[in-house]
Number of protein chains: 2
Amino acid sequence: MSPQPTSRGPVPHGHVTLSQVAQRAGVSAQSVSNALNNPDRLAPATLERILATVAELGYEPNLSARALRNRSSHLIAFKVRPSRPDKASLLMDEFLYALNRSAVAAGYHLILCHAEGDGSAEEIKAYRNLLKKTPVDAFVLAETHRNDDRVAALRSWGVPFATFGRSWDGDDSLAWVDVDGRAGTRAATEHVAAQGHHRIGHIGWPAESEIGEERRAGWRAACGERGLETDLEAAVPDTLEDGRQAAHRMLDAPRPATALVCASDTLALGVLRALHERGLRPGAEVAVTGFDDSPTAALVSPGLTTLRQPIDVVGRQLIQAVENLIAGDPREPQHVLLQPELIVRGSSLPGPRTPTP
Amino acid sequence: MSPQPTSRGPVPHGHVTLSQVAQRAGVSAQSVSNALNNPDRLAPATLERILATVAELGYEPNLSARALRNRSSHLIAFKVRPSRPDKASLLMDEFLYALNRSAVAAGYHLILCHAEGDGSAEEIKAYRNLLKKTPVDAFVLAETHRNDDRVAALRSWGVPFATFGRSWDGDDSLAWVDVDGRAGTRAATEHVAAQGHHRIGHIGWPAESEIGEERRAGWRAACGERGLETDLEAAVPDTLEDGRQAAHRMLDAPRPATALVCASDTLALGVLRALHERGLRPGAEVAVTGFDDSPTAALVSPGLTTLRQPIDVVGRQLIQAVENLIAGDPREPQHVLLQPELIVRGSSLPGPRTPTP
DNA sequence: GAGCCGGACTTTAACGTTAATACCTGATCG
DNA sequence: CGATCAGGTATTAACGTTAAAGTCCGGCTC
């Protein structure tokens, strides 16, 4: 903390600027800038002296000035969505935390966008406005769909961006990170088949949902491989009540289901309710699996077998992807497909549990 | 879209700047700036012409330049926390959305902070670093506690901030917004008392938690007013298992509880599990209430009676509070105490439900 | 009619940074 | 031995905005 013999400038108070560091180190402001951005342009001795002064004064470059000069704010924009209270999953909450952690680790900050509609013209306008006001370095989109207008807009503006959710229109030039719903549902199906189930139904979402179709395909593939029928199939909205009704239908079938693989925890919880209404024991009599590992899945009795998305990896990879794009990396945009993890709980095990005394 | 007769400057492409607007409107850049920031300094005719040009060109002020010049970034910082997967509540997710909506409506943007620890020295360092890099206008803190170092730090730096959570050390100079946990728990207690329950227990958190103590006080007050005993009391960590065990203890008491008012949905879900293990019907035989209206509360069977925090109002009021501070409003800092809403579901009603056939 | 006032607008300078350019010094070359 | 070069550092100018100071001019006072 004692003043170094080689630096004679004053120790400034409050905000520390480049020229204050320069003055104290006895060099020009540009040299300090070079020390931080182009260290190879300086003589080693000078570099060392400058860096020591930077550390001594605790200098941090002013982002506004940098942004103004470089047209780069070190900001990554992300739009937060309202959390639907009827949805069990904390996925977006965990995702945001993971994304932010990786962004900060990479020297960026997350700035949040807002738009009432979803995927709407209003959302695109919000992005446009943000870009007018501040040179956001990149965008991260979640829950993309086929023919996503936001993708088209961002691309037309030439802004780097990556999406959580693959390109559904076979667009290879998009950078994306996704979780393999097909493999996940297949793993769940194989798991219940391994417990001896032969009548395995699937409760999923309507065909408009690309994610839903992927998950359904995993169930169909696993059944196909084992020669199991795939006649027990429902495509319903993602609510507990719809899951409950679909379960009742499949349990009323001539050859009823003994296992139900669901596209979401919400639907699976509906199935658990249906079983409860019929006095059937989950796991022991009818196996049930969900998707997303919501908090509820761990809290219900018996626990709900489900698939956990490796959400911290998703965040890390997305930041990696936009970093590459920002750096103008000439390689192909990244496509990362991650595997979900099957979390086995009581709802799919014959276990010793006796829920209905 | 056709060029106006009074303005003869060129229509620029790409980024629109003050001086481009100025050129087209035939005035100086400063006049355009004044049109937006000090309209009364201009002659009405000039003002109108400038504003028309601003609209025509879709000009938006550059935030980096503004920040550099004004030392104000129109950014509000908030630190996101990891969502604990064993906690049922979506509170923070909803809060962030609400806060961001209000921030954007007020012309601000939310920028996210990250720190591994919690309330730690590292968190304070993260705030300090952010402030060095960019002139964040204000901070919003969540989940404050007694002798919160973050409060002391932000105050010592002279940065405006408001907290979600009241000042626990009786510090009137703090701007805060909070939800009245005492009134909420009191309402829940009165509700079960109105169903005819006389042995009402409370499962809450250890006394270190100021929030927990508030909620406990509400239960105690409601019981006191009705001459009910308050001997059935537990102070445990906020986990399902702790709730379950506490419930068993209170049901094993010489004069057992017939109603259990809990400090959280997580604890209440533990109680529901305990009831299930004993073959007791929630609502009909033992009333249960939680706190926070987690998604799980609506999804379990029977539904869990709980208290919903008016989280959108919390967000709005917090932004309001920091706006006042930023504007240097001379009035006392705001203290806003909001009332939670009792959401009555099957777990506290004798209703016709027959959960255990 | 000289002096003054004040409204309407413009010019200047500055916020902190960095690309581009200019400068200086000593070494190498023809 | 003067010219050329290159490494190291300094100067200039610009990013877009706005506070402060300056200019201009018509109207008013005495």
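Y127(A) pairs in a ring-ring contact (aromatic ring centres under 6.0 Å, His included) with only one of the listed residues (W157(A), F161(A), F139(A)), which is F139(A).
In the set dT17(C), dC15(C), dA8(C), dT17(C) carries the atom at the smallest distance from any side-chain atom of A65(A). Candidate nucleotides dG16(C), dT11(D), dT18(D) were compared by shortest atom distance to the side chain of S28(A), and dT11(D) ranks first. Closest to the side chain of R66(A), from the set dC9(C), dT18(C), dT18(D), is dT18(C). Nearest to the side-chain atoms of Y59(B) among the listed nucleotides dG16(C), dT17(D), dT10(C) stands dT17(D). Of all nucleotides listed (dA20(C), dT17(C), dC15(C)), dA20(C) comes nearest to the side chain of Q30(A). With distances taken from any side-chain atom of L68(A) to the nucleotides dA8(C), dT18(D), dG16(C), the minimum falls on dG16(C). Distance from the side chain of R69(A) is smallest to dT17(C) among dT18(D), dG16(D), dT17(C). For N70(A), counting side-chain heavy atoms from C-beta on, the closest listed nucleotide (dT18(D), dT18(C), dA19(D)) is dT18(C).
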_Does R71(A) form a side chain to side chain donor-acceptor pair (under 3.5 Å) with N62(B)? I'd like the steps, not just the answer._
CA-CA 11 Å; R71(A) 300 173 179 290; N62(B) 180 315; over 6 Å; no
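Counting to the nearest Å, the P atom of dG16(C) and the CD atom of E60(A) are 15 Å from each other. Rounded to a whole Å, the CZ atom of R49(B) is 14 Å from the P atom of dA8(C). Atom NE2 in H15(A) sits roughly 19 Å away from atom P in dA14(C) (whole-Å rounding). For K133(B) and dT17(C), the NZ to P distance is 13 Å, given to the nearest whole Å. Distance, N38(A) CG to dT9(D) P: 14 Å, rounded to whole Å. Separating the CG atom of L18(B) from the P atom of dG16(D) is a distance of 10 Å, rounded to the nearest angstrom. In this entry the distance linking CG of N34(A) with P of dT11(D) reads 14 Å, nearest Å. Nucleotide dG8(D) holds its C1' atom 12 Å from the CG atom of D40(A), rounded to whole Å.
Take the nearest nucleotide of DNA chain D for A29(A) and for P44(A): the residue whose nucleotide is more 5' is P44(A). Between R71(B) and L42(B), the residue anchored nearer the 5' end of DNA chain C, judged by the nucleotide with its closest heavy atom, is L42(B).
A salt bridge is absent between D148(A) and R155(A): the closest approach of a Lys/Arg side-chain nitrogen to an acidic carboxylate oxygen does not fall below 4.0 angstrom.
Within 4.0 Å (heavy atoms only), S31(B) reaches at least one base atom of the nucleic acid. Across all strands, T46(A) comes closer than 4.0 Å only to sugar-phosphate atoms, never to a base (heavy-atom distances).
Counting only distance, with no hydrogens or angles, the side chain of Q317(A) and the backbone of V314(A) share no donor-acceptor pair below 3.5 Å. S156(A) contributes a side-chain N or O that, together with a main-chain N or O of A153(A), makes up a donor-acceptor pair within less than 3.5 Å.
Within the model, atoms CG of L112(A) and NE2 of H109(B) stand 10.0 Å from one another, a figure rounded to the nearest 0.5 Å.
The phosphate of dT18(D) (OP1 or OP2) has a side-chain N or O of N37(B) nearer than 4.0 angstrom.
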